[in-house]
**Student:** 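Can you keep this structure in mind? I'll have questions shortly.
Whatever order the structure lists them in is the order used to number ligands and atoms, beginning at 1. Quick caveat, the model's predicted, so the values are computed rather than measured.
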Amino acid sequence: MESFFQTTGHFLQRVPDLQHFFLHLIASPGSRTRSTVALPVMPSDAFVAKLNEQIGHEFAAHQQYVAIAVHYDAETLPQLAHFFYRQALEERDHAMMMVQYLLDADQPAVVPGVAAPQVEFGDVVSPVGLALGQEKRVSEQINGLAALARQEGDYSSEQFMQWFIKEQIEEVATMSDLLRVVERSQDRPMDIEDYLAREQLGEARDDPTAPHPAGAGG
Ligand SMILES: [Fe+2]
Ligand SMILES: [Fe+2]
């Protein structure tokens, strides 16, 4: 027992040394990418800057989907309007999940202004075409963020991006399905409405793996 306390005492005496050793590793330049001993848990500066840009892209997607929803609502196509109102809320959630990640990591989260969305459309198909193009672009941005995190040795951020990669695959698939439906029935918009009422395309389901959006209850 005595020797146990002795050993523990020696160990405790050494704690400040150990702390200093790890702080030194974290603070030394180049340790983020090259050290194999101790990697920081903080997101890299480059990732934080890129994620802040992405928050802007997600809010821009939100605004664009609200604009599309309002356009369909004005055309008395309530199912299409409902689809895009809901999609808009998902984009807002994506932005707020990224904000929460930065808040949790004690990093600056900057809520940006966004460019005005397109509000006029020639036919029933073009808003969905625009939306699919947007989702494909966001997929590239999300993959780029994951690649940047890996390149920076920032494994927490790389893991954070995994949910968004999966989400983008689903969103591109859903929007591609909708584009096929609206193209097929563009002269009979009520067929599109019936399809959406029946199939519940893109309907939100509980996802316990989803990151927490800042400001959301619970
Ligand atoms: Fe998104
Ligand atoms: Fe999306």
Side-chain angles (χ1 to χ4, degrees), residues 43 47-73 79-105 107 109-119 121 125-149 157-183 192 196 199-216:
F47 180 83
V48 168
K50 232 18 192 180
L51 190 62
N52 268 301
E53 271 179 37
Q54 191 62 34
I55 291 170
H57 297 322
E58 300 293 336
F59 276 124
H62 167 267
Q63 289 293 91
Q64 186 59 70
Y65 286 166
V66 169
I68 292 173
V70 169
H71 165 79
Y72 283 133
D73 220 350
Q79 294 291 340
L80 274 165
H82 172 68
F83 177 91
F84 279 99
Y85 282 130
R86 200 183 49 226
Q87 217 60 39
L89 288 178
E90 286 195 15
E91 300 306 342
R92 182 187 185 281
D93 274 353
H94 296 164
M96 296 307 271
M97 288 167 182
M98 293 170 184
V99 168
Q100 184 68 56
Y101 179 74
L102 293 172
L103 288 173
D104 286 344
Q107 296 295 310
V110 184
V111 176
V114 296
Q118 186 176 331
V119 294
F121 303 96
V125 175
S126 61
V128 184
L130 180 78
L132 179 58
Q134 180 172 283
E135 289 300 340
K136 287 181 173 171
R137 206 164 51 244
V138 169
S139 293
E140 283 170 19
Q141 291 160 350
I142 294 290
N143 289 340
L145 273 158
L148 175 64
S157 299
E158 189 189 348
Q159 191 187 38
F160 173 66
M161 294 315 297
Q162 296 308 307
W163 182 85
F164 292 93
I165 292 173
K166 177 177 69 81
E167 176 76 358
Q168 278 312 120
I169 291 170
E170 284 174 20
E171 295 210 340
V172 168
T174 303
M175 212 56 84
S176 302
D177 287 351
L178 183 60
L179 185 61
R180 264 192 296 276
V181 171
V182 294
E183 278 176 345
I192 304 170
L196 284 174
E199 296 297 327
Q200 302 186 324
L201 195 64
E203 207 67 61
R205 66 263 165 281
D206 244 8
D207 180 357
T209 67
H212 183 77

**Student:** I'd like to know if the Fe ion (ligand 1) has an N/O/S atom from Glu58 within less than 2.8 Å of it, counting both backbone and side-chain atoms.
**Tutor:** yes
**Student:** When you look at CD of Gln159, are more than 12 heavy atoms from neighbouring residues, nucleotides or ligands closer to it than 6.0 Å?
**Tutor:** no
**Student:** Does any N, O or S atom in Glu167 come within less than 2.8 Å of the Fe ion (ligand 2)?
**Tutor:** no
**Student:** Looking only at N, O or S atoms in His94, which is nearest to the Fe ion (ligand 1)?
**Tutor:** ND1
**Student:** Between Glu91 and the Fe ion (ligand 1), is there a contact where an N/O/S atom of the residue lies under 2.8 Å from the metal?
**Tutor:** yes
**Student:** Quick one: does Phe160's side chain get under 4.5 Å of Met98's, heavy atoms only?
**Tutor:** yes
**Student:** Is the Fe ion (ligand 2) less than 2.8 Å from an N/O/S atom of Glu171, whether that atom is in the backbone or a side chain?
**Tutor:** yes
**Student:** Should the pair His94 and Trp163 be assigned to parallel (<30°), tilted (30 to 60°) or perpendicular (>60°) ring geometry?
**Tutor:** perpendicular
**Student:** Check whether any side-chain heavy atom of Glu170 lies under 4.5 Å from a side-chain heavy atom of Glu135, and answer yes or no.
**Tutor:** no
**Student:** Would you mind reporting whether Gln134 and Glu171 have side-chain heavy atoms less than 4.5 Å apart?
**Tutor:** no
